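Since the structure comes first, as structure tokens, the remarks are kept for the end.
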Amino acid sequence: FESCTLVSEWNEDLKRAQLIAALEGNARQMLCDSAHLIHTYEGAILVLKGRYGAANQIDKHRLEFKARIRRSDESLSDLHQDLRRLWTLGGNPTEGAEHFLIDKFLDALNQPNLVYEVRRANVKTFDSALTEALRAEALFSETKRAREVSQLMCNKDQERDKGTRARTVRNEDFKKSNPHKRDLTAN
């Protein structure tokens, strides 16, 4: 935005008006509501920095990182990416971050079977924790699908057996009530 103001040679009032027009949502509403108090472009920038500036957001991002849990419809990759984003925005150091990121990733999974598999692999990096979790999730998914197919086949066998037993009972009842008639199961 600063580049546009320089190239366009906007004066202070035009800069302020263009800034407000360029914003959306809460940021725009906040400046519109405070327009009578903000008389310069620099004043508008100070108000925005006060509300959305990094200094006021670090604690928010740290708390979001700490409370982050995987949503039921969220992919492992999305969780991984969001944790890294929150860690960075929280002003946390990159040195030694892998240990904290891995621990939080495992906590956020909220799935003991995945956590067990990733811990068992003794991962050393945040990215390898994701890779191992993806592998384990795929394995669990395939195992679950195989179990469901097996259960479906068992159910079909049970239904077939019920039908066979019912025909046998009907045939035996027919033989008892009609001893002179031919066997229903015979060709």
Side-chain angles (χ1 to χ4, degrees), residues 1-2 19-20 22-34 44-166:
F1 188 80
E2 292 289 335
L19 176 62
I20 293 171
L23 294 174
E24 294 180 348
N26 291 338
R28 183 179 191 169
Q29 189 61 48
M30 184 179 66
L31 287 183
C32 288
D33 292 346
S34 305
I45 294 296
L46 285 175
V47 168
L48 289 171
K49 281 184 179 178
R51 171 64 176 87
Y52 297 105
N56 292 337
Q57 297 294 306
I58 287 176
D59 288 340
K60 173 187 169 276
H61 294 302
R62 285 184 179 169
L63 289 172
E64 284 181 25
F65 177 83
K66 191 174 184 177
R68 187 68 166 82
I69 298 291
R70 183 182 183 195
R71 294 180 300 276
S72 62
D73 63 338
E74 184 175 30
S75 74
L76 289 169
S77 297
D78 288 347
L79 173 64
H80 177 270
Q81 182 179 356
D82 195 43
L83 286 173
R84 184 165 311 272
R85 178 188 68 82
L86 290 170
W87 178 264
T88 303
L89 291 173
N92 296 300
T94 55
E95 187 73 28
E98 296 296 310
H99 171 72
F100 294 109
L101 287 166
I102 291 168
D103 283 349
K104 182 56 196 171
F105 181 67
L106 295 177
D107 289 344
L109 290 177
N110 206 22
Q111 289 180 286
N113 55 349
L114 283 179
V115 172
Y116 173 78
E117 290 297 323
V118 175
R119 286 204 189 281
R120 194 173 77 146
N122 198 27
V123 298
K124 302 290 184 212
T125 67
F126 188 43
D127 290 340
S128 63
L130 170 64
T131 301
E132 192 59 35
L134 288 167
R135 186 198 63 74
E137 188 172 65
L139 178 65
F140 293 145
S141 178
E142 183 56 36
T143 303
K144 180 182 176 189
R145 193 174 4 238
R147 230 181 277 128
E148 289 170 352
V149 167
S150 177
Q151 183 63 42
L152 182 62
M153 297 304 289
C154 286
N155 290 345
K156 284 184 178 182
D157 288 346
Q158 289 172 354
E159 289 299 317
R160 188 184 67 236
D161 290 347
K162 284 181 189 175
T164 302
R165 282 194 298 271

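All figures in this text were calculated on a predicted structure; none of them were measured in a lab.
Side chains of Asp78 and Arg70 form no contact here, defined as non-hydrogen atoms less than 4.5 Å apart. Within the 4.5 Å cutoff, the side chain of Gln111 has no heavy atoms near those of the Phe140 side chain. With contacts defined as side-chain heavy-atom distances shorter than 4.5 Å, the pair Phe65/Thr88 does not qualify.
Summarising the geometry, atom CZ belonging to Arg84 is positioned 10.0 Å from atom CD belonging to Gln81; distances are rounded to the nearest 0.5 Å. Remark: Trp87 CH2 to Arg62 CZ distance equals 8.5 Å, nearest 0.5 Å. Here CG of Leu86 is found 7.0 Å from CZ of Arg68. Values are rounded to the nearest 0.5 Å. The distance from atom CG of Leu130 to atom CG of Leu79, rounded to the nearest 0.5 Å, is 8.5 Å. From Ile102, atom CD1 reaches atom NE2 of His80 across 9.0 Å, with rounding to the nearest 0.5 Å. Going from atom CZ of Arg135 over to atom CG of Leu114 covers 10.0 Å, rounded to the nearest 0.5 Å.
Between Phe126 and Phe105, the ring planes are perpendicular. Angles over 60° get that label, and only those under 30° would be called parallel.
Looking at every heavy atom in both residues, Leu83 comes nearest to Ala108 through CD1-CB, 4.4 Å. Closest of all the heavy-atom pairs between Glu98 and Asp127 is OE1-N, 4.4 Å. Between Ser77 and Leu134 the shortest heavy-atom distance is OG-CD1, 4.3 Å. Closest of all the heavy-atom pairs between Ala44 and Leu19 is CB-CD2, 3.8 Å. Across Val123 and Ser128, no two heavy atoms sit closer than the pair CB-OG, 3.4 Å.
Ionic pairing of Glu64 and Lys60 is present here: one or more N-O contacts between side-chain nitrogen and carboxylate oxygen are shorter than 4.0 angstrom.
For CD of Glu74, the number of neighbouring non-hydrogen atoms (other residues, nucleotides, ligands) closer than 6.0 Å is greater than 12.
Formation of a donor-acceptor pair under 3.5 Å by the Ser141 side chain with backbone atoms of Glu137 is not found in this model.
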For Asp107 and Lys104, run salt bridge (charged side-chain N to carboxylate O under 4.0 Å, His left out): C-alpha distance rounded to whole Å, both residues' side-chain angles, the deciding distance at 0.1 Å, then the answer. CA-CA 5 Å; Asp107 289 344; Lys104 182 56 196 171; 5.3 Å; no

